[in-house]
Student: 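Quick one: the structure is below, questions incoming.
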Protein chains: 2
Amino acid sequence: MSKQELPVVDLNAVACCAPIAVRPMDADQAAVVAPMFKALGDPIRLRLMSMIASAPEICVCDLTPAFDLSGPTISHHLKVLREAGLVDSERRGTWVWYRVQPEAFRQLGALLEISANQPAGGAA
Amino acid sequence: MSKQELPVVDLNAVACCAPIAVRPMDADQAAVVAPMFKALGDPIRLRLMSMIASAPEICVCDLTPAFDLSGPTISHHLKVLREAGLVDSERRGTWVWYRVQPEAFRQLGALLEISANQPAGGAA
DNA sequence: TCTCTGCTTCGAAAAGTATCTAGACAAGGA
DNA sequence: TCCTTGTCTAGATACTTTTCGAAGCAGAGA
């Protein structure tokens, strides 16, 4: 779906980009970033994301059979990932192909960097 | 709450730790990791997490006034973060203090690393 | 012991989410 | 044009989450 029919995260608006351990995140930034984490907060979507990110691109026809779920349910989860700005899709002929949006990925990783406020050792 | 009264994420069980862009995550690993992302998938909790992570530790009495929400609601969100293994808490006298679990943080960051499967440039 | 404050738990209402079936749309081939 | 296949959308239902007020527990101090 290159047509981007829905409100999609504007990556340039993601408040740039101090790790959340450096200073408290303001409400606006949190409102932009939280939906990305939320999209990854479901085991099905996390696996879908991982399958998509593990290849340059992947067809829905290869994603659906990996789960015990109906096609529409997989389609719903892919839509959530799309609207969070984490993946992009494109129809080519009969099939629809998904790939990651690397910049969104990168930003989430940057937000989780540990700062000097935190001890280096595990505290589990 | 050092007494850990509830099922808490066992960090040693977090399938260790290839970035999700390296190979597809299996269902067991996704079931362990997804609740951590889910916990960060709410703007209130993301801000709470950021406030906690921005200091060595912080008192609930300093967290609550930063939001237009009741005490019980903040307490609920803190519990979600605790049960996801992202923070730890301890009562000292009258007040309860929260701090991050740096190892959990680190693992989430590691999962979001970009692999060679993905182009270096943004695709937004 | 009593009372006050800080924080959590309980129980309920409202809103949101996951999943399904049915149906619609798009592309390819007969 | 019609049929088949792949994918998405719509609508319904069951479940989960967010939020609050009320109540409970834990410490500190009079």
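Lettering follows sequence order; numbering is per chain, from 1. Quick caveat: nothing in here was measured; it's all calculated off a predicted structure.
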Student: Counting only side-chain nitrogens and oxygens, does B:Lys38 get under 4.0 Å of the OP1 or OP2 atom of D:dT17?
Tutor: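 B:Lys38 to D:dT17 OP1/OP2: side-chain N or O found under 4.0 Å.
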Student: Which pairs with one or both residues in residues 43-54 of chain A pass salt bridge (Lys or Arg N to Asp or Glu O under 4.0 Å), sequence neighbours excluded?
Tutor: none
Student: Would you list the pairs meeting side chain to side chain donor-acceptor pair (under 3.5 Å) in which at least one residue belongs to residues 65-75 of chain B, sequence neighbours left out?
Tutor: B:Ser70-B:Thr73
Student: State which residues pass side-chain contact (heavy atoms from CB on, under 4.5 Å) with A:Thr94; sequence neighbours excluded, sorted by chain then number.
Tutor: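 If we apply the side-chain contact (heavy atoms from CB on, under 4.5 Å) test to A:Thr94, skipping adjacent residues, there are no hits.
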Student: Could you check how far CG of A:Leu40 sits from P of C:dT17, rounded to whole Å?
Tutor: 15 Å
Student: Starting at atom CH2 of B:Trp95, determine the distance to atom C1' of D:dC25, rounded to an integer number of angstrom.
Tutor: 17 Å
Student: Using a cut-off of 4.0 Å on non-hydrogen atoms, how would the nucleic acid contact of B:Thr94 be classed: base, sugar-phosphate, or nothing?
Tutor: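 B:Thr94: backbone/sugar contact only, no base atoms under 4.0 Å.
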Student: Once you round it to whole Å, what is the distance between P of D:dG21 and CD1 of B:Ile74?
Tutor: 13 Å
Student: Applying side chain to side chain contact (heavy atoms under 4.5 Å, CB included), run through B:Met51 and B:Tyr98 and close with a yes or a no.
Tutor: CA-CA 10 Å; B:Met51 292 176 74; B:Tyr98 278 75; over 6 Å; no
Student: Rounding to a whole Å, what distance do you find between A:Trp97:CH2 and C:dA27:C1'?
Tutor: 15 Å
Student: Enumerate all atom pairs, one protein N or O and one N or O from nucleotides 19-26 of chain C, separated by less than 3.5 Å.
Tutor:
unit_1	atom_1	unit_2	atom_2	d
C:dT19	OP2	A:His77	NE2	2.3
C:dC20	OP2	A:Ser70	N	3.1
C:dC20	OP2	A:Ser70	OG	2.8
C:dC20	OP2	A:Thr73	OG1	2.5

Student: Output yes when at least one side-chain N/O atom of A:Tyr98 is less than 4.0 Å from OP1 or OP2 of D:dC8, else no.
Tutor: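 Answer is yes, contact under 4.0 Å.
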Student: To the nearest angstrom, how far is A:Leu63 atom CG from D:dG6 atom P?
Tutor: 14 Å
Student: With a 4.0 Å cut-off on heavy atoms, is B:Arg92 in touch with a base, just the backbone sugar-phosphate, or nothing at all?
Tutor: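 Nothing: the residue B:Arg92, judged by heavy atoms under 4.0 Å, touches no strand.
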Student: In this structure, how many angstroms lie between the P atom of C:dT8 and the CD atom of B:Glu90, rounded?
Tutor: 13 Å
Student: Rounded to whole Å, please give me the gap between CG in B:Leu78 and C1' in D:dT18.
Tutor: 14 Å
Student: Indicate every side-chain donor-acceptor pair of residues 57-67 of chain B with a distance under 3.5 Å to a residue at least two apart or in another chain.
Tutor:
unit_1	atom_1	unit_2	atom_2	d
B:Glu57	OE2	B:Arg92	NH2	2.6
B:Thr64	OG1	B:Val60	O	3.2

Student: Quick one: which residue pairs count as a salt bridge (Lys or Arg N to Asp or Glu O under 4.0 Å) with a foot in residues 28-44 of chain A, not counting sequence neighbours?
Tutor: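 Every pair satisfying salt bridge (Lys or Arg N to Asp or Glu O under 4.0 Å) with a residue in residues 28-44 of chain A: there are none.
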Student: Ignoring hydrogens and angles, tell me if any N or O in the side chain of B:Ser54 forms a donor-acceptor pair with the backbone of B:Ser50 under 3.5 Å.
Tutor: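 Here the side-chain-to-backbone pair exists.
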Student: Can you measure A:Asp62 atom CG to D:dT5 atom P for me and round it to whole angstrom units?
Tutor: 18 Å
